[in-house]
Amino acid sequence: MSTTKLPASYYQHDDVVFLAKDLIGKTIVSMVDDQRTSAIITETEAYRGVGDKACHAHLGRFTDRTKIMYETGGVAYVYLCYGIHNLFNIITNTNEQADAILIRAVEPVDGIDVMLARRGKSTVDKTLTSGPGNFSKAFGLDRSHYGADLTGDTVWIASTPITSTPLSDLASTPLNYRSEQITTSKRIGIDYAEEDKDLPWRFYLNTSKFVSKR
DNA sequence: GAAACGATTTACT
DNA sequence: GTAAATCGTTTCA
């Protein structure tokens, strides 16, 4: 298992769309309730701060929920969606741009038994960690992790190389990715965002089974 | 204080 | 494809 935790400076890059694509293939790790889980990031979406109609911080909206988005990049933004699902985001950039990246799907590597228990499942299939609500639940992430420091020891991201063996029967993920293995599309579930709803700011690893929607 | 609204998931027709 | 579940956040009065 790689221990190359990404530093705070990584998250402070000023192009959230670039970072959303760059995160594909990296490893995300959580240590919650003394249980470690890790997985390869397979699907993300970029939300570009105050200028993006799909972003919760559009036009500088500043509330108890969104205030963390204005922090310096490298913290978590977790919120409850539809009263049911905790959605996990990474805040990026500096200068209070309120940029965020939503983690939409991952491919399990370590702690699969823990993920199964948290999801109430007995067998692994793509629904274990595909879809932002399912990913967060499998990783034990909820609003108690609002504002979590991604350079801390609860939830973080590690760069490749990945030394653990991915799921042998379900994973098809190589350790290095070429651009044609990453598909770009419009974001999911934001049709209210008017002229910004079709921006190509969703990325997924098209060689993985662990993707929410094709 | 009241009401509408989701960056979703799952089950059912 | 359609619909229900479910509740904190936001907006409006």
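Letters A, B, ... are given to chains in the order of the sequence lines, protein chains preceding strands, and every chain is numbered from 1.
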Trainee: Under 4.0 Å between a side-chain N/O of A:R104 and OP1 or OP2 of B:dT8, yes or no?
Mentor: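 For B:dT8, OP1 or OP2 has a side-chain N or O of A:R104 closer than 4.0 Å.
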Trainee: Under the criteria of a ring-centre distance below 5.5 Å and an interplanar angle below 30°, is A:Y192 stacked with the base of B:dG6?
Mentor: no
Trainee: Quick check against the 3.5 Å criterion: does A:K21 have a side-chain atom that pairs as donor or acceptor with the backbone of A:V17?
Mentor: no
Trainee: Does a side-chain N-to-carboxylate-O contact under 4.0 Å join A:D52 and A:R187?
Mentor: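 Between A:R187 and A:D52 there is a salt bridge, with a charged N closer than 4.0 Å to a carboxylate O.
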Trainee: What does A:R65 touch in the nucleic acid at a heavy-atom separation under 4.0 angstrom: a base, only the sugar-phosphate, or nothing?
Mentor: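 It contacts sugar-phosphate atoms only.
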Trainee: Contact class for A:N89 vs. all strands (heavy atom < 4.0 Å): base, sugar-phosphate, or nothing?
Mentor: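 Base: the residue A:N89, judged by heavy atoms under 4.0 Å, touches a nucleobase.
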Trainee: Is the phosphate of C:dT9, meaning OP1 or OP2, less than 4.0 Å from a side-chain N or O of A:T63?
Mentor: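 Looking at the OP1 and OP2 atoms of C:dT9, neither is under 4.0 Å from any side-chain N or O of A:T63.
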Trainee: Look at all strands and tell whether A:R119 reaches a base, only sugar-phosphate, or nothing, counting heavy atoms closer than 4.0 Å.
Mentor: sugar-phosphate
Trainee: At under 4.0 Å, does any side-chain N or O of A:N134 touch on OP1 or OP2 of B:dT10?
Mentor: yes
Trainee: Given that both pair distances must be under 3.5 Å and the pair must be Watson-Crick or G-U, what runs of three or more consecutive pairs involve DNA chain B?
Mentor: B:1-6 with C:7-12, B:8-12 with C:1-5
Trainee: Could you tell me how far apart A:K186 (NZ) and B:dA7 (C1') are, to the nearest whole angstrom?
Mentor: 14 Å
Trainee: Roughly, in whole Å, what's the span from NE2 in A:H58 to P in B:dC5?
Mentor: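 Distance check: A:H58 NE2 to B:dC5 P gives 18 Å.
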Trainee: Looking at every strand, decide which applies to A:I84 at a 4.0 Å heavy-atom threshold: base, sugar-phosphate, or nothing.
Mentor: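 The residue A:I84 makes base contact.
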Trainee: Could you work out which one of B:dA7, B:dT9, C:dT10 sits closest to the side chain of A:R61?
Mentor: C:dT10
Trainee: What is the distance, to the nearest angstrom, from the CG atom on A:L59 to the P atom on C:dT11?
Mentor: 11 Å
Trainee: Measure from NZ on A:K121 to P on B:dT9 and round the result to the nearest Å.
Mentor: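 These atoms are roughly 12 Å apart.
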Trainee: Is A:L87 touching bases, backbone alone, or none of the nucleic acid, heavy atoms closer than 4.0 Å?
Mentor: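 Contact class for A:L87: sugar-phosphate only.
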Trainee: Keeping A:R202 on the side-chain end and A:K186 on the backbone end, is there a donor-acceptor pair under 3.5 Å?
Mentor: no
Trainee: If I take atom CD in residue A:E194 and atom P in nucleotide B:dA7, what distance separates them, rounded to the nearest angstrom?
Mentor: 14 Å
Trainee: What do you reckon, is NZ of A:K213 surrounded by more than 12 foreign heavy atoms closer than 6.0 Å?
Mentor: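 12 or below, so no.
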Trainee: Can you tell which of B:dT8, C:dG8, C:dT10 lies closest to the side chain of A:L80?
Mentor: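 Ranking B:dT8, C:dG8, C:dT10 by closest atom to the A:L80 side chain puts C:dG8 first.
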Trainee: Which one of A:H85, A:H56, A:H145 satisfies the ring-ring contact (aromatic ring centres under 6.0 Å, His included) criterion with A:Y79?
Mentor: A:H56
Trainee: Round to a whole Å and report the spacing from NE2 of A:H56 to P of C:dG8.
Mentor: 16 Å
Trainee: We want to know whether A:S130 and A:K209 form a side-chain donor-acceptor pair, criterion being a heavy-atom distance below 3.5 angstrom.
Mentor: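 There is no such pair between these side chains.
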Trainee: Rounded to whole angstrom units, what separation is found between the NZ atom of A:K137 and the C1' atom of B:dT8?
Mentor: 12 Å
Trainee: Which is more 5' along DNA chain C, the nucleotide nearest A:R143 or the one nearest A:H85? Just name the residue.
Mentor: A:H85
Trainee: Does A:D99 use its side chain to pair, donor to acceptor, with the backbone of A:G49 at less than 3.5 Å?
Mentor: yes
Trainee: A:Y82 has an atom OH; how far is it from atom P of C:dC7, in whole Å?
Mentor: 16 Å
Trainee: How many angstroms lie between atom CD1 of A:I40 and atom OG1 of A:T129, to the nearest 0.5 angstrom?
Mentor: 10.0 Å
